[in-house]
Amino acid sequence: MKFLQAQGHFGVLDGQKIRFGDGLNVLYLPNEGGKTTLCNFLRVMLYGLNTSRRDGKNQLSDKTKYRPADGNPMSGLLELEWQGRRIRISRQTGKGNAPMQEFSAHYVDTGEVCEQLTAKDCGRVLTGVSEEGYQSTALIDGQDQSLSAAELGERMLALSTTGDSAMMYASAVSQLDRWRNALRGTGNRGRYAQVEADIAQLTQSIGRLDELSEQIENYEAQIPSAEQRIAEAETEHQQATEDFTLLFVAKREAAERDERRAREKLALLRAELPPLGVLADAERAATQFEEAQKAYDDAQAEQAEVVANYQKWKDDIDQTEDEYSNSQRSRSDIHIRGWSMILAVVLGVLAVVSLLGVIPFGPLTPYMPYLFSVCAVIALIVTFVGSTESLDSPPMDFDEERVKLDRRRQSAISRAAQTEEQLEKARAAFRAQAQRVAPEIPEGEDSRALEHIRMLDEKKRVYLARKREHDDLTEHYLNILDATGPQGAARLHMDETKGAVDTARQACSALHEAIAACRGKAEEIGKREELCALRERLEEEKESILWQLDAIRLAKESLVRANAELTGRVSPQINKLAQEYMKTLTAERYTAMQLYTNFEVTCRRDNSAVEMDKLRLSTGTRDQLYLALRLAVCKVLLDNPDESVPIVLDDPFVNYDDQRAACGMKLLREIARERQVILLTCRRP
C-alpha cells in the first residue's frame with residue numbers, strides 16, 4: 001500500500017492537495033505548519049474520527065482540536081494504491097453535523113464501490129493492525145523522543161517484546177499484584193483478613209447471645225418458685241403479726257386515736273393546697289423568674305456603666321500611651337567583667353611567650369601559641385557578654401488593654417441581650433406554672449401571682465410541720481408496740497417471719513436483676529437474626545474474594561505465558577533488525593546491541609569489548625536507539641508478502657545534530673527502497 005494524494009479541511013489543512021510519490025517523500029513545513037495535523041489526518045482517514053470522546057482537563061478530543069480553521073465542515077479525501085488498484089476514500093460531515101462520519105471507498109478507474117473497506121474496518125483491512133498498533137508502529141512522532149528516560153525505557157521495552165508501546169506487560173502485572181494485595185494484603189490489612197476477622201467476631205457474638213439466652217431461660221424458670229416462697233413467707237408473717245398485736249390492744253388503741261386525730265387535721269390542711277409536685281414546680285419557676293429579673297437588672301446596669309464610661313476609659317489608655325511614648329528611655333552602660341579581662345591579658349602574654357620559645361612545652365610547643373590565642377579570644381568575648389541595651393518597661397500592654405475594653409463592652413452588650421432572653425423564658429415558664437396553681441389570677445399580674453405562690457408556700461410549711469407531727473405520732477405508736485411488748489415467742493416468731501420475707505424478696509429481686517443484666521448485654525451485642533444474616537453476607541464475600549484471588553492468579557499466569565511466547569517469537573527479529581538500523585544511524589559507531597526483556601540495554605562498538613549500558617549512553621544515542629526500534633517494529637509487524645504499510649515520520653530528527661540527521665536520512669533512503677516513507681520536517685539540510 002502507498003499514499004498518492006490527500007486533500008481535506010482538517011485543522012490548519014485548508015483543502016490544498018498534497019501529493020505523495022514512491023520511495024522517500026520529504027515535506028518541509030515550518031513549525032505550526034501542520035505536520036502533526038497531517039499525520040493525524042491520515043490516521044483519521046484510515047480509522048475514522050471518534051466523536052464519542054469528550055474534551056479532558058489536560059487534552060482536547062480530535063473533533064475539537066482539529067476543527068477546520070477555514071470554517072468549512074470537517075472532511076477529507078485520500079487516494080491510495082492497494083493490491084495494484086487506485087482507491088479514493090472519502091469521509092465527510094454528515095447529518096446532524098457529525099464530523100467525518102459519512103464514509104465511501106471507490107475504485108478510481110471504474111468508480112465501483114470497494115466493498116472490502118468500511119468506515120469501521122478500513123484501516124485494519126489496509127494495514128492489518130488496529131488504530132493503536134498503527135500509531136505505535138507506522139506513525140513515528142519526534143516528540144516521543146523527548147520523554148523522560150523512564151518513560152522512554154518503558155516504551156522501548158514494550159516495543160522490543162510486544163511491538164506495541166500501548167501494551168505494558170509490566171504495568172499489567174503490577175496492576176494484578178495491586179489487586180491481589182488489596183484483597184489478600186499483608187498481615188491483617190487485606191480485605192480477606194478483615195472479612196475473616198469480622199466473621200470470627202460475629203461467630204463469637206452469636207455464641208455469646210446463645211449463652212445469654214440460656215442464662216435468661218434458667219433465671220426465668222426459677223422466678224415462679226421464688227415468688228411462691230415470698231407469698232408463703234408473707235402469709236406466715238401476717239399471721240405472726242396478728243398474734244403479736246392482740247397482746248397490746250389497749251395501748252395500741254390509745255395511740256391509734258391520737259394518730260387518727262392528727263391524720264384528720266393533716267387532711268384539712270392538705271385540702272387547701274394544690275398537688276405538691278405542681279406547687280414545687282411553681283416555686284421553682286418563681287425562684288428562677290426572680291433570679292432572671294435580678295440578673296437582667298444587673299446586666300442592664302453594667303451595660304449602662306460600660307457604655308457611659310467606654311470613651312473615658314479609652315481616652316485614659318490613649319493618654320497613658322502618649323505619656324509613655326514621650327518619656328525618655330534609659331540605656332544601660334557596658335558591663336565589663338574584670339576577672340575575664342585579666343585572664344584574657346594573661347593568656348595573650350602566654351601566647352607571645354610560647355611563640356618566642358621562652359618557655360618550652362615539649363612536643364606541644366608549636367601548637368601552644370594557637371591554643372593560648374584561642375583561649376584569650378574566648379576570655380575577651382566573655383568580658384563583654386551581657387552588655388545590651390535595656391528600655392523602661394511600659395506600664396501596660398496598650399493594645400491588649402484596648403482589646404480587653406472592647407471585649408468588656410461586647411460582653412456587657414451580649415450579657416444584657418442574653419439575660420433579657422433568659423428573663424423572657426423564665427417569665428413564660430413562671431406564668432405557665434402560676435396558671436396551674438392559681439388559675440383565678442389573670443395572666444400578666446406577675447406580682448400578684450408571686451404573692452399567691454408565697455402564701456401557698458407558707459401553707460405548705462405548716463402542712464409539712466403537721467405531717468412531721470403525724471409521723472412522730474405514728475412512730476410513737478410503732479415504738480409502743482416495739483418497746484412495751486413482751487420478749488416472748490410471739491415477738492421472736494414475728495421477727496423471724498419478717499426476715500424470711502425480706503430474704504425471699506431479695507432472692508427474687510436478684511433473679512430479676514440478673515435477667516435485666518443479661519438482656520442489656522444481649523441488646524448491646526445486637527439481634528441474632530441480623531448477626532446471622534451479616535455473617536452469611538460476609539461468608540459470601542469471603543467466597544467471592546477467594547474466587548477473585550484465583551482469577552487474578554490465573555490471569556497473571558496466562559499473562560506471563562503469553563508474554564513469554566510473544567517475546568520469544570517477535571523480540572529476536574526486532575532486536576536483529578534494530579541492530580542493523582543502529583549501525584546506520586550511528587555511522588557504524590555502535591555495531592552490536594542487545595535489549596533484554598527487563599530493559600537491560602547494552603551497546604558495543606566494533607573495535608571495543610566494552611558494553612555500554614543505558615546509564616552510559618548519551619541522550620542522542622538513546623533517541624537513535626528508540627527510532628531504530630520503531631522502524632524495526634514497523635518492518636517486522638506490518639510487512640507481509642503482498643503489501644507494505646507506508647511509514648509517516650513527524651520531525652523524528654528534532655533533537656538530532658547535523659551528523660545524526662544525515663545518518664537518519666541515509667537510513668530512511670534505504671528503507672524507502674522497500675516501502676513508501678513520508679517525512680514531515682521543518683529542518684532543511
Side-chain angles (χ1 to χ4, degrees), residues 269-327 391-468 520 523-524:
L269 293 174
R270 182 68 184 84
E272 298 178 0
L273 292 174
L276 295 182
V278 175
L279 181 58
D281 293 340
E283 292 174 352
R284 191 180 305 109
T287 302
Q288 293 175 353
F289 173 61
E290 291 176 341
E291 291 176 352
Q293 183 67 47
K294 183 177 182 305
Y296 173 74
D297 295 339
D298 294 342
Q300 291 293 328
E302 181 182 4
Q303 180 183 5
E305 179 186 4
V306 171
V307 172
N309 296 320
Y310 173 76
Q311 190 60 40
K312 176 179 176 300
W313 292 340
K314 186 175 181 181
D315 293 341
D316 291 343
I317 295 174
D318 295 339
Q319 182 179 359
T320 305
E321 184 178 13
D322 293 339
E323 291 175 355
Y324 171 72
S325 300
N326 296 328
S327 63
L391 301 175
D392 293 334
S393 300
M396 66 180 70
D397 188 342
F398 303 104
D399 293 335
E400 180 66 22
E401 291 298 325
R402 291 189 185 94
V403 171
K404 289 181 179 179
L405 183 59
D406 291 336
R407 192 181 297 128
R408 181 179 179 185
R409 183 178 66 174
Q410 293 298 328
S411 176
I413 295 173
S414 300
R415 184 185 174 197
Q418 183 179 4
T419 53
E420 183 178 3
E421 182 180 356
Q422 293 175 352
L423 176 61
E424 292 300 326
K425 292 181 179 179
R427 181 182 286 114
F430 168 71
R431 288 177 178 178
Q433 296 298 331
Q435 286 296 315
R436 296 178 65 188
V437 298
E440 69 276 4
I441 299 176
E443 184 176 357
E445 297 185 7
D446 297 336
S447 59
R448 183 180 172 187
L450 285 171
E451 290 297 330
H452 184 74
I453 291 174
R454 293 192 186 98
M455 182 264 294
L456 292 177
D457 182 59
E458 183 65 27
K459 288 184 177 181
K460 184 181 75 171
R461 284 197 291 270
V462 174
Y463 166 74
L464 294 177
R466 294 291 184 271
K467 190 173 185 303
R468 285 193 294 271
E523 289 178 359
E524 291 180 358

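Evaluation of the salt bridge (charged side-chain N to carboxylate O under 4.0 Å, His left out) rule for E420 yields no partner, not counting sequence neighbours. The salt bridge (charged side-chain N to carboxylate O under 4.0 Å, His left out) check on D316 picks up K312, with sequence neighbours excluded. Under the salt bridge (charged side-chain N to carboxylate O under 4.0 Å, His left out) criterion, E291 pairs with no residue at all, not counting sequence neighbours. Judged as a side-chain contact (heavy atoms from CB on, under 4.5 Å), and not counting sequence neighbours, the contacts of D297 are Q293. Among residues two or more places apart in sequence or in another chain, the side-chain contact (heavy atoms from CB on, under 4.5 Å) test is passed with Q418 by Q422.
For A416 against A299, the heavy-atom pair with the smallest separation is CA-CB, 3.8 Å. Considering every non-hydrogen atom in both T419 and A295, the closest pair reads CG2-O, 3.9 Å.
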Output a table of donor-acceptor pairs, distance under 3.5 Å, between side-chain atoms of residues 301-309 and any protein atom two or more places apart or on a different chain; print 'none' if there are none.
residue: E302; atom: OE1; partner: R415; partner atom: NH1; Å: 2.6
residue: N309; atom: ND2; partner: E305; partner atom: O; Å: 3.2

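Ion pairing between K294 and E290 fails under the 4.0 Å rule for side-chain N and carboxylate O.
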